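Notes for the one structure printed next.
Just so it is clear: chains get the letters A, B, ... in the order the sequence lines come, proteins before strands, and each one is counted from 1. Quick note: numbers below take in every heavy atom, side chains included, and nothing from hydrogens, waters or symmetry partners. Just so we're clear, the structure is a prediction, and the values are computed from it rather than from any experiment.
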There are 2 protein chains.
Amino acid sequence: MSVTLADVAARAGVSAATVSRVLNGNYPVAGPTRRRVMQAVDELEYVVNGPASALAAATSDLVGVLVNDIADPFFGIIASAVQSELGPADPTGGRGGRAQQKLAVVCNTGGSPTRELTYLTLLQRQRAAAVVLTGGAVEDPHHSAALISRIGRLEAAGARVVLCGRPPLRAPEAGRQAETGTEAERDTEGEEGEGAAARGPLAVTFDNRGGARQLTAHLLTLGHRRLGYLAGPAARTTTRHRLEGHRAALAEAGLDGDAERLTVYGRYDRSSGYDGAMELLRREPGLTAIVAANDTVALGACAALRERGVRIPQDVSVTGFDDLPFAADAAPALTTVRLPLAEAGIQAARLALGRDAAPPGGVATCPASLISRASTAPPPPA
Amino acid sequence: MSVTLADVAARAGVSAATVSRVLNGNYPVAGPTRRRVMQAVDELEYVVNGPASALAAATSDLVGVLVNDIADPFFGIIASAVQSELGPADPTGGRGGRAQQKLAVVCNTGGSPTRELTYLTLLQRQRAAAVVLTGGAVEDPHHSAALISRIGRLEAAGARVVLCGRPPLRAPEAGRQAETGTEAERDTEGEEGEGAAARGPLAVTFDNRGGARQLTAHLLTLGHRRLGYLAGPAARTTTRHRLEGHRAALAEAGLDGDAERLTVYGRYDRSSGYDGAMELLRREPGLTAIVAANDTVALGACAALRERGVRIPQDVSVTGFDDLPFAADAAPALTTVRLPLAEAGIQAARLALGRDAAPPGGVATCPASLISRASTAPPPPA
DNA sequence: CTGTTAGCGCATTCAT
DNA sequence: ATGAATGCGCTAACAG
């Protein structure tokens with residue numbers, strides 16, 4: 001078949017073990033020997049057999065990254081950051097050895113809870129060294145339980161699991177009841193101690209609530225009193241947190257009575273923003289501001305408003321969330337909330353690799369900051 | 001450690017071989033037996049050990065997808081399509097068996113040739129079942145040779161390699177000169193026959209040249225005579241093809257004399273578009289149209305023009321390329337060339353899995369179509 | 001510092 | 001249709 005460790009060993013005149021040690025660099029090997037081995041590796045164009053080494057070492061160099069939608073820059077930016085922290089640095093030659101290289105496996109769940117579970121299983125099957133779960137979680141008790149159990153099994157198998165951009169997972173009622181202890185479960189739990197923290201995975205979260213509050217407060221300060229809200233899918237943590245921040249700001253101004261009526265739920269995409277804005281205009285023609293769940297939705301809303309002949313921001317102000325690159329390029333440039341996506345991805349990767357110490361409480365929260373641009377202004381005098 | 005095949009076999013009262021056969025479903029097993037096995041699998045929450053099975057079977061279910069930049073929707077859309085074709089369909093439960101699942105490994109090369117090679121090695125190490133290389137290639141003889149050799153080795157190792165969005169690879173001079181035949185190389189080549197086509201990998205390409213030609217022709221038809229071109233990085237196939245199409249249209253109109261002076265090279269990002277547009281305006285204040293290498297660059301150019309008080313399209317028309325989702329949302333909406341990104345990704349995935357027959361000549365070309373929107377108009381009368 | 005010896009967990013021959 | 005045996009290529013104790 002292809003070149004194996006033994007072939008290299010033969011050519012270098014050493015044992016297979018020595019070659020392995022040279023390649024992994026985690027054991028002292030004499031200089032001349034090491035050079036002979038490296039030369040043989042080069043001459044034979046030897047490439048380690050990953051599966052074999054993963055089998056023997058009981059761990060692989062794969063790191064899973066679960067995202068809701070790769071085509072969405074929000075996730076692309078996070079995934080890119082995670083990978084840059086794991087992956088091969090540019091100068092690396094990339095020959096046989098260099099076992100330090102982690103390979104990121106970016107998995108697209110499409111927001112489907114089932115697929116999320118399936119990928120987790122696939123990753124466990126590959127004996128992934130770590131898994132980073134990005135994006136908001138679906139808030140369904142059934143799914144949460146399944147997710148927690150799957151993650152528990154991954155951790156029990158030695159994988160580090162880190163949440164990025166989603167709130168920490170808490171078992172409903174902290175698993176006080178042990179009545180479901182089947183034989184298999186007991187086995188698993190018995191060995192859980194060796195893996196990561198038994199308290200559940202580490203998390204890097206965004207201050208969605210705080211960001212949303214600031215944003216709406218900004219609008220209120222400008223003088224807006226009738227604000228519509230274009231929410232994401234119901235039953236998603238991200239959706240809920242942003243909405244809560246918005247409502248909190250409204251409540252502070254005594255404006256929350258009308259909030260439910262002026263909220264439209266949809267997906268995190270452009271057409272949802274378009275449709276939602278139309279619906280909002282129908283429900284409340286006197287609207288002076290539209291707060292969108294994210295930048296993409298905001299862009300859809302802008303399109304709808306333009307089509308209706310409504311001027312932004314003179315007639316209606318519009319805000320986004322996330323501050324994706326295109327937000328600055330929209331016309332008018334979007335007022336939004338900046339989330340440190342890349343920084344969060346890097347931090348999640350470092351935690352996943354065990355390079356950084358766990359943050360206090362197992363949760364690191366990234367700040368959200370208001371970016372005020374041209375899409376917001378005081379409401380029309382009317 | 002964790003549950004193994006043997007554990008399942010014991011519980012089901014059969015041999016490990018039988019369990020393996022049930023799980024892989026590629027061998028006849030009696031109904032009742034199969035049911036007992038499946039039940040044991042469920043009860044034990046058994047998850048196949050990927051590395052072990054890859055080692056034994058000499059192939060894994062990983063499929064590599066190389067992209068230049070995951071954060072760029074252009075690649076995100078392609079990657080998403082590839083993965084949707086490989087990955088778990090929604091209905092799948094995702095328990096132990098189901099060996100049909102392929103796991104996409106999305107690798108971010110950042111456009112670096114070295115990293116591209118490194119990832120290819122990493123994937124070979126994992127014994128990837130297939131590899132899809134997306135995006136334009138760097139046109140450097142040295143790198144091309146390295147790439148061809150790496151791809152050859154991958155194919156020799158049994159992996160299918162498919163190019164998506166990049167032109168077919170041709171060895172310079174078809175390797176007629178055998179003077180570099182080291183022992184190792186001869187070995188590799190001796191076994192090449194068993195792998196995929198010895199003629200090099202299959203390719204799904206975009207008609208970048210044709211699309212660019214149409215686009216510039218459109219501008220010329222509107223009456224433009226002084227067009228600036230914002231090119232991507234030099235020495236990239238995509239850059240070159242689009243530029244060639246542009247120049248071809250110009251030449252048809254007898255306007256190619258000035259072409260080189262009115263071309264600015266840069267990266268495929270917004271700031272390059274911004275800077276490039278400024279530079280173009282400096283070189284030729286009488287410009288009436290700016291043709292950008294892609295939509296992102298076009299957006300940057302629009303920002304620069306707006307800042308300069310130049311109206312689009314009244315004073316200067318601007319065009320993009322790719323028709324990414326945000327192109328329609330820009331203000332004004334971008335005239336651009338639509339590339340069937342998702343379709344190409346799907347086709348590449350099907351070829352990679354061997355589900356579709358190879359296209360004639362090993363190359364499938366996807367059409368590019370002109371999308372005329374609001375960012376182009378006849379030049380000002382002046 | 002280096003060689004020897006055992007498996008890691010599974011897919012396959014072969015037998016039966 | 002099923003079981004028993006063998007080895008995939010590598011790493012991890014142990015020796016020395």
Please state whether the phosphate of C:dC8, meaning OP1 or OP2, lies under 4.0 angstrom from any side-chain nitrogen or oxygen of B:Asn49.
no
What is the distance from CG of B:Asn24 to C1' of C:dC10, rounded to the nearest Å?
9 Å
Check B:Arg150 with B:Glu116, please: is the shortest side-chain N to carboxylate O separation under 4.0 Å?
no
Looking at every non-hydrogen atom in both residues, tell me the closest pair between A:Ala129 and A:Ser60 and how far apart they are.
CB-O, 3.3 Å
Protein-nucleotide distance (A:Arg127, atom CZ; C:dG9, atom P), rounded to Å
8 Å
Specify the separation, in whole Å, of atom CG of A:Leu5 and atom P of C:dT5.
17 Å
Is there a side-chain polar atom (N or O) of A:Thr4 under 4.0 Å from OP1 or OP2 of D:dG9?
no
For the residue pair A:Leu23 and A:Leu5, what are the closest heavy atoms and their distance?
CD2-CD2, 4.4 Å
Using whole Å, what does the distance between atom P of nucleotide D:dT11 and atom CG of A:Leu55 come to?
11 Å
Is the shortest distance from a Lys or Arg side-chain nitrogen in B:Arg160 or B:Glu155 to a carboxylate oxygen in the other one below 4.0 Å?
no
Taking the side chain as everything from C-beta on, heavy atoms only, tell me whether B:Arg127 gets closer than 4.5 Å to B:Thr59.
no
Here the distance between atom P of D:dC10 and atom CG of A:Asp61, to the nearest Å, is 14 Å
If a pair satisfies salt bridge (Lys or Arg N to Asp or Glu O under 4.0 Å) and one of its residues is in residues 24-36 of chain B, list it, with sequence neighbours excluded.
none
Could you walk me through whether A:Arg125 and A:Thr121 pass side chain to side chain donor-acceptor pair (under 3.5 Å), step by step?
CA-CA 6 Å; A:Arg125 164 189 309 187; A:Thr121 302; over 6 Å; no
A:Arg125 CZ to C:dC8 P, straight-line distance once rounded to whole Å
21 Å
Quick one: A:Arg35 CZ to C:dC1 P, roughly how many Å, whole number?
13 Å
If one requires at least 3 consecutive Watson-Crick or G-U pairs with distances under 3.5 Å, the stems of DNA chain D turn out to be C:1-16 with D:1-16
Of all heavy-atom pairs linking A:Ala349 and A:Leu86, the shortest is CB-CD2, 4.2 Å
Which nucleotide in the list D:dT11, C:dT12, D:dC8 gets nearest to the side chain of B:Ala57?
C:dT12
Below 3.5 Å is the cut-off: list the nitrogen or oxygen pairs between protein and nucleotides 2-4 of chain C, distance only.
unit_1: C:dT2; atom_1: OP1; unit_2: A:Thr33; atom_2: OG1; d: 2.4
unit_1: C:dT2; atom_1: OP2; unit_2: A:Ala30; atom_2: N; d: 2.7
unit_1: C:dG3; atom_1: OP2; unit_2: A:Ser15; atom_2: N; d: 3.0
unit_1: C:dG3; atom_1: OP2; unit_2: A:Ser15; atom_2: OG; d: 3.2
unit_1: C:dG3; atom_1: OP2; unit_2: A:Thr18; atom_2: OG1; d: 2.7
unit_1: C:dG3; atom_1: N7; unit_2: A:Arg21; atom_2: NH2; d: 2.7
unit_1: C:dG3; atom_1: O6; unit_2: A:Arg21; atom_2: NH1; d: 3.2
unit_1: C:dG3; atom_1: O6; unit_2: A:Arg21; atom_2: NH2; d: 3.4

Charged N to carboxylate O under 4.0 angstrom, A:Glu85 versus A:Arg355?
yes
